[in-house]
Every structure is written in structure tokens, then in C-alpha cells.
Number of protein chains: 2
Amino acid sequence: MQTDKVNIAIVDDHTLFRQGLAHLLTESNEINVLFDADNGADMIKKLPAYPLPDVILMDITMPIMNGYETTKWLKANHPEINVLALSMFEEDKPIIGMLKSGAGGYMLKQSKAADLVSAIKGISAQSFYINELVSGKLLRNIQNNQPVKNAPIGLSPNELKFLELCCSDFTYKQIADMMNLSPHTIDNYREALFQKFEVKSRTGLVISALKNELIKI
Amino acid sequence: MQTDKVNIAIVDDHTLFRQGLAHLLTESNEINVLFDADNGADMIKKLPAYPLPDVILMDITMPIMNGYETTKWLKANHPEINVLALSMFEEDKPIIGMLKSGAGGYMLKQSKAADLVSAIKGISAQSFYINELVSGKLLRNIQNNQPVKNAPIGLSPNELKFLELCCSDFTYKQIADMMNLSPHTIDNYREALFQKFEVKSRTGLVISALKNELIKI
DNA sequence: ATAGTATAGGGTGAAAACAGCTTTTTTTAA
DNA sequence: TTAAAAAAAGCTGTTTTCACCCTATACTAT
């Protein structure tokens, strides 16, 4: 039955790839390719002429209007359409970029047809499809806000560590526990840093440290 | 062979659960439980007395030093140890929170033993283990984090001004004078902002405001 | 009219941060 | 090997911050 099939569109500037893929997917009998487009602008033009697709396969590098822009436009104007990024690149940046733009999944062009079909069906049902390629990068992205240890200016390693831990919700008592030191020793560090930075409060200390680029957040 | 086993530690404040789990995992013949601890501070105390674990199973809610703090401490002091969060909660907040703190995976306490074993082995080999529970939340987090940064928490003009003045050495009393308001009113702003930013101290507030690019220094 | 909401102000007690100074331990170098 | 220096820990206060209770306007929207 027609309505059981997943309706999709393909946006990619490589005509041969696009049309070959359309045939391949149509043969699976589970996918119905409504239309294809050369780039984002072309897609926007063609969209009103067809039923709304369930899923759009989206290339990244395209002339005129690329995959990031097109995905953002879709999320703004047709948030119910699921975007599956389809690209040659395995690097972090395009993957994270497309997901941030609103894509619900990311597949490599070198994938097997069967895998692509199951990704399309998955994203159509759950509005996202996470594979091994994507999951690790997602996790690393979310964790990427750790301070970098570069220690100039007259700060001892412990003072610097203390300074980093200061940029948080932790109390001095907690910081003392974390550094395996007595709160009194922590107090010595605090006094020393207050003098060195000429401040009178922990907040002032944090601001100064950030201005001096001693720590990053 | 002993060296083929994955060495782990268990940090959880429920003694019976902890010890039951230790037995269960030991029986699998693939896991070696080095030690267990009642909370983060206890773990930090016990850590030097044993070989470094490959994986630490980490509860979230614990007295004295909770799972978030403990995981952050581990990432700061022993980044080579993989943390697998083990919790009863299925909500977004603890999951994202533990992953942000540095956990490489998240399992529910109601999981099957075999699944936990494979998660431990997986995280030990790849330093992360993403299951269905986590993947969707990760993606939603990365996509929802953009609007959070661009159109953030609704702040009144006064709250924003207060926030700016907070990023300094001034006391709240001084800030109250500067804004020609009673210290009690300033206190209301502080409480409101602490809630909105989910922090417990002025320092945490400043850091959050900077991360959200609400203020510049 | 009135319930809701945002804003301003008030008070108290506890916890944390801050200040200044002393003592012990560890490290380093004369 | 011993004296000086640095790091760590201790002690005793004061001030600031934090948490939680409350009242009173004033401006909305139903």
C-alpha cells in the first residue's frame, strides 16, 4: 500500500548519485521518492508541488544553499519533516554541525543500501536515528568544555588547580576534599591568590583569572 | 586469566545494592570488583590503596559528595578511568548531567546483569557506551542547546544589570547602593537568578552567565 | 472585581567566605 | 646536617552570602 511507504525527497547536487539513489531506494519497496533537488533553494521551490515528505536525505556541500542552511530552513518552516544527513565526510565538524542544524541522523554515502533504508525507516518512526558513527562524537561534543591547563605567571600547580576548581558552584570545603587538602591550606591558597590578583572576593578572583586567560570555561 | 578481566569499583550509598552487585558481577567471571565506596569522598580516600580501576560504576544521589562532583573529580585527576553512571532515574536532566560531568555511559539500575556486563566491557574498550536510553537525549540536548544560548532564560532589565554587577569584586550591599535598591530586593534578584540558572553560589551564577554569553568580561 | 504576576522591601538564622596570625611538616639548598 | 623556605594545617574572629520566611504595591488580563 502506498501509505505504508516512507515518503522521502533527496537533496544533493550530484545528479547521477541522486537519481541512482532514487532508483535504488524505490526498488526496496519500502521507500517512495517524491522528488529530488539540486540544492536547498531548488528544494524550497519544489516542496509545495508534492505531498510533504516524511524524510529528506540531505547532502552538506551544495552550491547556492548548502545542507546546514537548508536543514535550518526546514526546521523553521516544516519541523515535522525529518532530515537525514547523507555525506561523504566522517569528521566531527560536519556531523556535529548537521545535527545542531536539526538533522535527526547522519549517514555516510559509503553505507550499504539496506542500512540506509533502515535509517530512513528509523528516523521516520522515531524522528532520530543514532548510529555508532554519531554517538561517540555527540558525547565528546557535550563534554568539550574542560579547562585547558596552561600555567604561566607565578602560580604553583596546586594554586592553578585550586583556581580552576574555584570557577564552579563548589564550596571551599568541597574543593579541599577534591584536592585532598585541609580547608586551612585551601584558605592559604585563597589568600595568596587574592593578593596576587588584588581582589577581595572569590567572584573577583574568577573574573580576573578569566581576563588573564589563566582558565577557560 | 586475571588480566583479561575488567577491573572496576562501585560507588553507591546503598550498601546492600553495592555488595549484591559486586557479587553478581564477580560471578560473571569477566569483571573484577576491586573495591566499593559509600560516596565520592570515600572513593577518593580508597582509590590509592588499590590498582587503578578501568571502570567505576557511579551512583548519582549520594551524601557528602554526589555522582556529578565525583565524576568531575575523576575526570580532573584520573581521566583514564571510565565512569559508567548507574542510576534509577530515566529523566533527561540526570542523564545529560552525568554525561556532561564526564561519564562515558548511563545505565539504569533496573537493567539486566548481562546488559550491565556488556556495558562495562564496552566502556572499558571504547571509553564510551551509548545505548538507546542515552542517544536520543544526547541529540535533543545538542539541538536544544542552541536556542538556550541564543534566546536564553527571560531576564528583566534589572536582573540583567544585577547580573553584570555581580561579575565583580562588589558585595551585594555595594550593588544595592549602585542600583539604588534595598539589599533585600537585591536578594530577591539573587534568589531568582540562582533558580533560573540552577546554581547555589554567586560564583556559579557568574560562570553560568558567561557560558550562556549573557554577559561579557 | 479579582486573581495572577512582576517588582520592591523586610527579618532571621545558618553557612560560607574572608582576614590575620601561629605552628607544624616537608623540601631545598647552603 | 642544618638553616631557610615553602607548603600545609591550625585557630579565632568578622563579614558576606545564602536560604526561607514574610508584606505591600502596581500592573495586567479575565
Side-chain angles (χ1 to χ4, degrees), chain A residues 149 151-210 215, chain B residues 39-41 44-45 48 63-66 68-69 72-73 76-77 151-210 214-215:
Chain A
K149 287 182 188 174
I153 306 191
L155 294 191
S156 74
N158 262 2
E159 280 177 340
L160 190 66
K161 196 169 182 181
F162 167 71
L163 191 55
E164 282 171 11
L165 290 172
C166 260
C167 301
S168 69
D169 243 12
F170 298 129
T171 66
Y172 289 140
K173 174 84 183 62
Q174 287 176 308
I175 293 174
D177 285 343
M178 290 176 186
M179 292 179 70
N180 284 317
L181 291 171
S182 143
H184 300 111
T185 307
I186 290 299
D187 216 37
N188 290 335
Y189 291 147
R190 183 185 56 73
E191 296 257 21
L193 290 182
F194 275 25
Q195 280 208 343
K196 286 181 184 175
F197 286 90
E198 294 175 17
V199 295
K200 297 192 302 292
S201 72
R202 177 168 168 181
T203 309
L205 180 64
V206 169
I207 299 292
S208 294
L210 284 168
I215 49 170
Chain B
N39 61 69
I44 292 175
K45 241 176 264 159
I64 301 172
M65 190 169 172
N66 66 31
Y68 304 114
E69 294 164 0
K72 282 178 190 160
W73 183 91
N77 293 277
I153 312 163
L155 297 188
S156 73
N158 263 0
E159 280 177 339
L160 194 63
K161 191 171 182 183
F162 166 71
L163 191 54
E164 282 169 14
L165 291 171
C166 259
C167 301
S168 69
D169 241 13
F170 300 128
T171 67
Y172 289 140
K173 174 84 182 63
Q174 288 175 308
I175 293 174
D177 286 344
M178 290 177 186
M179 293 179 70
N180 286 314
L181 290 171
S182 146
H184 294 293
T185 307
I186 290 298
D187 213 39
N188 290 334
Y189 291 148
R190 182 186 55 74
E191 297 254 20
L193 292 181
F194 275 24
Q195 279 210 341
K196 287 180 183 175
F197 286 90
E198 295 176 15
V199 295
K200 299 191 300 288
S201 72
R202 178 168 167 181
T203 311
L205 181 64
V206 170
I207 297 292
S208 293
L210 286 168
L214 275 169
I215 49 169

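Every chain is numbered from 1 and lettered A, B, ... according to where its sequence line falls, protein lines coming before strand lines.
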Chemist: Hey, is the side chain of A:D187 pairing donor to acceptor with the base of D:dA9 inside 3.5 Å?
Modeler: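 No such pair is found, so the answer is no.
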Chemist: Given the structure, check if the side chain of B:R190 and the base of D:dA19 hold any donor-acceptor pair shorter than 3.5 Å.
Modeler: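 Result: at least one qualifying N/O pair found.
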Chemist: Could you state the CG-C1' distance from B:N180 to C:dT7, rounded to the nearest angstrom?
Modeler: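 Distance check: B:N180 CG to C:dT7 C1' gives 16 Å.
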Chemist: Look at the side-chain N and O atoms of A:T185 and state whether any lies under 4.0 Å from the OP1 or OP2 oxygen of D:dA9.
Modeler: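 True: A:T185 side-chain N/O within range (under 4.0 Å) of D:dA9 OP1/OP2.
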Chemist: Which heavy atom in B:C166 sits nearest to a heavy atom in B:Y172, and how many Å separate them?
Modeler: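 Residues B:C166 and B:Y172, closest heavy atoms: SG-CE2, 3.9 Å.
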Chemist: Among the candidates D:dG10, D:dA19, C:dC18, find the nucleotide nearest to the side-chain atoms of A:H184.
Modeler: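 My answer, after comparing the listed nucleotides, is D:dG10.
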Chemist: Nearest of C:dA17, C:dG9, C:dA19 to any side-chain atom of A:F194?
Modeler: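 Nucleotide nearest to A:F194's side chain: C:dA19.
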Chemist: What distance do B:N39 atom CG and B:I64 atom CD1 have between them, rounded to the nearest 0.5 Å?
Modeler: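 Rounded to the nearest 0.5 Å, the CG-CD1 separation comes to 4.5 Å.
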Chemist: With a 4.5 Å limit on heavy-atom distance, are the side chains of B:L160 and B:E164 in contact?
Modeler: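 Heavy-atom side-chain distance check passes, below 4.5 Å.
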Chemist: If I take atom CG in residue B:L181 and atom C1' in nucleotide D:dA24, what distance separates them, rounded to the nearest angstrom?
Modeler: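 Nearest whole value for this atom pair: 16 Å.
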Chemist: To the nearest Å, how far apart are A:L205 CG and D:dT17 P?
Modeler: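 After rounding, the reported distance stands at 15 Å.
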Chemist: Whole angstrom is fine here: how far is it from CG in B:L193 over to C1' in C:dA6?
Modeler: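 Result: 14 Å.
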Chemist: To the nearest Å, give me how far apart CZ (B:R202) and P (D:dT15) are.
Modeler: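 Answer to the nearest Å: 18 Å.
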Chemist: In whole Å, what is the span from the CD atom of A:E191 to the C1' atom of D:dT12?
Modeler: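 Whole-Å distance recorded here is 13 Å.
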Chemist: Report the distance from atom CG of A:D169 to atom C1' of C:dA17, rounded to the nearest whole Å.
Modeler: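 From A:D169 CG to C:dA17 C1': 14 Å.
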Chemist: Counting only side-chain heavy atoms from C-beta out, which of D:dG10, D:dT16, C:dA17 sits nearest to A:T171?
Modeler: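 Closest nucleotide to the A:T171 side chain: C:dA17.
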Chemist: Strictly distance-based, threshold 3.5 Å: is any side-chain N or O of A:Q174 a donor or acceptor partner for the main-chain N or O of A:T171?
Modeler: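 Judged by distance alone, yes, a pair lies under 3.5 Å.
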Chemist: Could you verify whether a donor N or O on one side chain and an acceptor N or O on the other, from B:S182 and B:H184, lie under 3.5 Å apart?
Modeler: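 Not at all, the side chains of B:S182 and B:H184 share no donor-acceptor pair under 3.5 Å.
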Chemist: When the nearest nucleotide of DNA chain C is assigned to B:S201 and to B:N158 on a heavy-atom basis, which residue is associated with the more 5' position?
Modeler: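 Comparing both residues, the 5'-ward one is B:N158.
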Chemist: Which one, C:dA19, D:dC11, D:dA19, comes nearest to the side chain of B:K200?
Modeler: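 Ranking C:dA19, D:dC11, D:dA19 by closest atom to the B:K200 side chain puts D:dA19 first.
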Chemist: Just to confirm, is there a sub-4.0 Å distance from OP1 or OP2 of D:dG10 to any side-chain nitrogen or oxygen of A:S182?
Modeler: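 For D:dG10, OP1/OP2 do have a side-chain N/O of A:S182 under 4.0 Å.
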Chemist: Phosphate oxygens OP1/OP2 of C:dA15: is one of them under 4.0 Å from a side-chain N or O of A:Y172?
Modeler: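 No, no such contact exists.
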Chemist: May I have the distance from A:N188 (atom CG) to C:dT23 (atom P), rounded to whole angstrom?
Modeler: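 So the CG-P distance, A:N188 to C:dT23, works out to 15 Å.
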